[in-house]
Amino acid sequence: MISTMVLHKRLKQLLAVVFWLVIWQLAAQRVGYAILLPSPLQTLQALFRLMPTPNFWLRVGISLLGIAQGFLLAALLAVLLASCASACEAVNVLLQPLVLLAKATPVASFVILALIWMPSAKLPIFISFLMVFPVLYTAVLQGIRQTDPQLLEMAKVFRIPLHRKIKAIYLPAVYPYFYSAASVALGLAWKSGIAAEVIGLPRNTVGEALYQAKVLLTTDEMFAWTAVAVLASVVAERVVLWLLALGNRTEKE
Amino acid sequence: MIGKMQITIRQLEKSYAGQSVLCGLDATFTLGERYALMGRSGCGKTTFLRILMGLERQDAGSIDGMQNLRLSAVFQQVRLCPSLTALENVLLVAEKSSATKQRAELFLERLGLDDFARKKRVDKLSGGQQQRVAIVRALMVPFDLLILDEAFKGLDESTRADAIALIDECLQGRTLLAVTHDAAELPLLKAQLLPLFQKSVENG
């Protein structure tokens, strides 16, 4: 029964994708110029043309690495600083303006500023870090604050050591917040990371390839690279969320 | 030596939003004795225990003799970690050793939690089973003063008797302070009734 429902849902999702592909195809036919709007098939052809080249995988690898570094750094710092902020309100008060600033400032402003301060190769790391940190910091802090106060009192009375308290009380409380925030933050990291690459043009990146495709008016390749960025983002999100779920299961075992 | 020591409470006062809960409470507990507190709901018993446990501060008054006392407690709510199993909850407060684990398993078994129940997440256990896990947890930690806040609610007579027998064994001359609504528990616990909240019982 459940599998039939899942199948039904998947079928609906597939049909929705097919619907928009058809719309895209019709629009491309109507426009009639691949340079303005390539069709799905032309995009796919461009993708297959790019994929066998070593440079394609190098670009995907370098972009992935940069964005992953930014994400991991943001995750580590978010956990650390949110823990400090939950223990000391002054830390939270100090960090709040930075968090709000990072949330509200356009990515392009940060990219242009960062280009003055650092080499373009470091740009995607810095930008994805800036986009991810506020989301994860807010989530972790919220999770810590929502920890059951009765369990914390119990831990106090029983003199439970900090590492056990973290594992048994804090981690299960923070996990759901971190999990859903990580899902949002991964998408943000990809979008902002690629945007930073397009503006900063670090060598051998997806963003640089997108820019080159735009300059050379190879719109089909631009669409193909966009598809690569979307796919890589989805795969990265699935992998990270799977790892998080696995970590949570192992923790319980 | 420790048996002659006392916990002395003088003129304890506590109020919430202008509503007085404890008003000039005086009491003396001799360490090594067993005491019971009775009183109608809302008369301040739990507040008094929370102050003793250091979970709240009194507005006025003093408590002497609690320094360096190791506490253990069965709270009014079970306060178990929902994502852990029954056994994990018990071991959370205990020292890590195979002997401790065996002891925890034995205690849980004695209170009717078999191997299957012990390895189940506590949020999947019944209220009565959770209460028994909370009782065993309180007995797994080294303590000088054991506080029971309506520890046997939700237990049938036979399980309650088993739990009290286990507590009796573990106390071994240490101090007990139990809050109860059931006068029948007093002789079972071998506890003397402290008239701290008696006025409220009489009035109630």
Side-chain angles (χ1 to χ4, degrees), chain A residues 2 75 78-79 82-83 86-89 136 139-183 240-253, chain B residues 46-47 49-57 66 68-96 100 104 119-124 130-131 133-149 151 177:
Chain A
I2 290 169
V79 170
S83 307
S86 69
C88 174
E89 184 53 25
L136 292 186
V140 175
L141 187 60
Q142 200 184 354
I144 295 174
R145 285 183 172 165
Q146 293 300 317
T147 306
D148 188 348
Q150 291 198 344
L151 289 182
L152 295 176
E153 285 185 353
M154 177 278 291
K156 187 182 175 189
V157 170
F158 285 114
R159 307 171 293 282
I160 295 175
L162 183 66
H163 67 279
R164 284 195 195 178
K165 207 158 87 171
I166 290 172
K167 195 177 162 190
I169 300 173
Y170 282 115
L171 277 184
V174 170
Y175 178 79
Y177 291 91
F178 189 83
Y179 187 88
S180 53
S183 168
V240 171
L241 295 183
W242 175 76
L243 284 173
L244 278 175
L246 190 73
N248 187 45
R249 221 171 24 240
T250 316
E251 194 68 34
K252 280 174 191 167
E253 282 161 12
Chain B
T46 298
T47 303
L49 294 185
R50 287 178 60 78
I51 293 171
L52 273 188
M53 287 189 273
L55 300 176
E56 277 189 53
R57 283 187 70 84
M66 283 294 287
N68 305 322
L69 276 191
R70 292 168 305 174
L71 298 180
S72 186
V74 178
F75 300 91
Q76 213 173 64
Q77 309 83 7
V78 287
R79 302 192 184 203
L80 299 168
C81 296
S83 61
L84 301 184
T85 66
L87 185 63
E88 284 167 346
N89 262 288
V90 171
L91 292 175
L92 182 66
V93 302
E95 269 179 45
K96 216 173 184 176
T100 312
K119 288 175 181 162
K120 240 179 166 180
R121 273 175 62 130
V122 279
D123 56 359
K124 305 278 181 244
Q130 290 181 0
Q131 193 66 31
V133 176
I135 292 170
V136 171
R137 178 181 63 186
L139 302 176
M140 290 303 296
V141 64
F143 64 86
D144 303 304
L145 170 61
L146 176 63
I147 290 172
L148 306 178
D149 193 357
L177 186 55

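Only a predicted model underlies this, so the values are computations on that prediction, with no experimental measurement involved. Naming convention: chains lettered A, B, ... in sequence-line order (proteins, then strands); numbering from 1 in each chain.
Only the backbone of Leu80(B) comes within contact range of chain A, with at least one heavy atom under 4.5 Å from a heavy atom of that chain. The contact between Glu95(B) and chain A is made entirely by backbone atoms, counting heavy-atom distances below 4.5 Å. Interface remark: Arg70(B) contributes backbone and side-chain atoms alike to the contact with chain A (heavy atom separation under 4.5 Å). In this structure, chain A has a heavy atom under 4.5 Å from the backbone of Leu91(B), while its side chain stays farther away. No part of Lys119(B) comes within reach of chain A, as not one of its non-hydrogen atoms sits under 4.5 angstrom from that chain.
Between the Arg79(B) side chain and the Leu152(A) main chain, no donor and acceptor come within less than 3.5 Å of each other. Side chain of Lys156(A) to main chain of Met53(B): no donor-acceptor pair is present (N/O by atom type, distance under 3.5 Å, no hydrogens or angles).
Comparing Leu92(B), Asn89(B), Ile147(B), Val141(B) by heavy-atom pairs within less than 4.5 Å of chain A, the highest count is held by Leu92(B). Considering only heavy-atom pairs separated by less than 4.5 Å from chain B, the leading option among Pro172(A), Pro161(A), Ala168(A) is Ala168(A). If you tally non-hydrogen atom pairs under 4.5 Å between each of Leu151(A), Ile169(A), Asp148(A) and chain B, the highest count goes to Leu151(A).
Under the 4.5 Å side-chain criterion, counting only non-hydrogen atoms from C-beta, Met140(B) is not in contact with Phe158(A). Between Phe75(B) and Val157(A) there is a side-chain heavy-atom pair separated by less than 4.5 Å. Residues Glu56(B) and Glu153(A) have side chains not in contact (no heavy-atom distance under 4.5 Å, counting atoms from C-beta outward).
For Glu89(A), the CD atom sits in a packed shell: over 12 heavy atoms of surrounding residues, nucleotides or ligands are nearer than 6.0 Å.
To the nearest 0.5 Å, atom SG of residue Cys81(B) and atom CZ of residue Arg164(A) are 11.5 Å apart.
For Tyr175(A), the ring-ring contact (aromatic ring centres under 6.0 Å, His included) partners at least two apart in sequence or on another chain are Tyr179(A).
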